[in-house]
Amino acid sequence: MNKKLDRNFYNRPTLLVAKELLGKYLVVQRDGCFLSGKIVETEAYVGFDDPASHAYRGKTFRNRVMFGHPGYAYVYLTYGMHHCLNLVTERGGYPAAVLIRALEPADGIELMKKRRGCQSLKDLTNGPAKLCQALGIDRNLNGADLSSNIIYVEDRGEAVTKIASSSRVGIKEGKEKNWRFFLPDSKFVSR
DNA sequence: TATTGGATCGCC
DNA sequence: GCGATCCAATAG
């Protein structure tokens, strides 16, 4: 019943992918551990003219994965200590990705609690850096293929009824774009 | 080569 | 509200 999202899913307009990722499950399995969570919050970063995007000033060593083919993970370090996970969308050569901002923990909750040093279910994965820490996502997964068995997103057949949008979080420019999408009824949305 | 500030978090 | 702590992008 669970269906892994393939490259065709990611090779579409980023805003559409960002919305359709809501309600799907992010899975990370390594070292005999199976971790997953339902995606409840995303943000889109699109093209050459989006001042909030890492790609705005052109291709660099850090952001090169964003310029590559769809269906790969772009993981970067921010504030010198936190990792953030993006899923690359749209055609090769066009920089676009969806930032995964929050999950509802599903599988492997005990390991997530241990890694986060936190017992509260609500605070385990309700932020982009928190979910990376909980699932053990770091720059070793930068460029990872989302059609692999290490990291991927799957559809578990759950219907999404309500989606809300707002300005993106933590950026200075590009605030006029409502490119943050979330499930308004979820307790696991950030902030 | 030096400086600055960031798609954050957790504690004060 | 603020410090932690690395790296990329700027300025010089």
Side-chain angles (χ1 to χ4, degrees), chain A residues 10 13-19 21-22 26 28 37 39-68 70 72-90 94-105 109 111-144 146 151 153 163-183 186-191:
Chain A
Y10 300 100
T14 305
L15 298 186
L16 184 63
V17 174
K19 281 181 255 190
L21 280 170
L22 296 172
L26 174 67
V28 175
I39 299 170
V40 299
E41 180 178 348
T42 61
E43 281 179 2
Y45 290 86
V46 187
F48 299 95
D49 300 321
D50 176 3
S53 171
H54 285 176
Y56 184 57
R57 295 172 204 285
K59 190 175 176 179
T60 65
F61 184 77
R62 177 174 70 156
N63 67 24
R64 68 196 186 283
V65 178
M66 274 188 86
F67 286 78
Y72 289 86
Y74 168 44
V75 183
Y76 67 91
L77 183 68
T78 191
Y79 295 99
M81 58 180 78
H82 298 301
H83 295 280
C84 291
L85 170 68
N86 298 255
L87 309 182
V88 176
T89 58
E90 308 204 37
Y94 184 77
V98 175
L99 171 69
I100 307 299
R101 281 197 59 86
L103 303 174
E104 175 179 337
I109 289 173
L111 180 56
M112 292 188 203
K113 285 181 175 173
K114 188 177 160 194
R115 284 188 173 148
R116 292 271 302 119
C118 161
Q119 287 301 309
S120 157
L121 194 63
K122 192 173 87 63
D123 296 319
L124 239 36
T125 53
N126 63 338
K130 294 180 188 179
L131 68 92
C132 283
Q133 188 181 21
L135 299 199
I137 296 166
D138 60 21
R139 279 176 296 173
N140 290 324
L141 287 178
N142 188 34
L146 299 175
I151 180 169
V153 178
I163 293 178
S165 67
S166 77
S167 178
R168 291 172 290 180
V169 175
I171 57 166
K172 282 175 124 162
E173 296 183 87
K175 285 211 177 80
E176 72 287 353
K177 295 179 170 72
N178 288 329
W179 286 359
R180 170 178 177 247
F181 303 100
F182 57 100
L183 301 181
S186 173
K187 295 178 298 189
F188 298 91
V189 168
S190 71
R191 301 209 310 182

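Letters A, B, ... mirror the listed sequences (proteins, then strands); counts begin at 1.
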### Message
For the P atoms, the ones on C:dG3 and on B:dT4, what distance do you get once it is rounded to whole angstrom?
### Response
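Between the two P atoms, the distance is 16 Å.
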### Distance between P atoms of B:dA2 and C:dT5 (Å, rounded)
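Looking at atom P only, B:dA2 and C:dT5 are 22 Å apart.
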### Query
Side-chain contact, heavy-atom cut-off 4.5 Å: A:Ser190 with A:Arg180?
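A side-chain contact exists here, since the closest heavy-atom pair is under 4.5 Å.
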### Flag, side chain of A:Asn63 to backbone of A:Gly58, donor-acceptor distance under 3.5 Å
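Answer holds: yes.
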### Task
For the pair A:Thr42 (side chain) and A:Ala18 (backbone), establish whether a donor and an acceptor sit closer than 3.5 Å, ignoring hydrogens and angles.
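Between the backbone of A:Ala18 and the side chain of A:Thr42 there is a qualifying donor-acceptor contact (under 3.5 Å).
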Check: [X]/[Y] side-chain N/O donor and acceptor closer than 3.5 Å:
X	Y	result
A:Gln133	A:Arg115	no
A:Asp123	A:Ser120	yes
A:Asn126	A:Lys130	yes

### Query
When Watson-Crick pairs (N1 to N3 and N6-O4 or O6-N4) and G-U wobble pairs (N1-O2 and O6-N3) count only below 3.5 Å on both distances, what is the dot-bracket string of DNA chain B, with | for other-strand pairs?
||||||.||||.
### Test applied, side chain to side chain contact (heavy atoms under 4.5 Å, CB included); reference residue, A:Tyr74; option that passes from A:Leu87, A:Val65, A:Leu99
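Of A:Leu87, A:Val65, A:Leu99, side chain to side chain contact (heavy atoms under 4.5 Å, CB included) with A:Tyr74 is met by A:Val65 alone.
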### Query
So, A:Arg168 and A:Glu43, do they make that salt bridge, N to O below 4.0 Å?
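Salt bridge: no.
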### Protein proximity profile, nucleotides 3-12 of chain B - base contact B, sugar-phosphate-only contact S, no contact -, cut-off 4.0 Å on heavy atoms
---BBBSS--
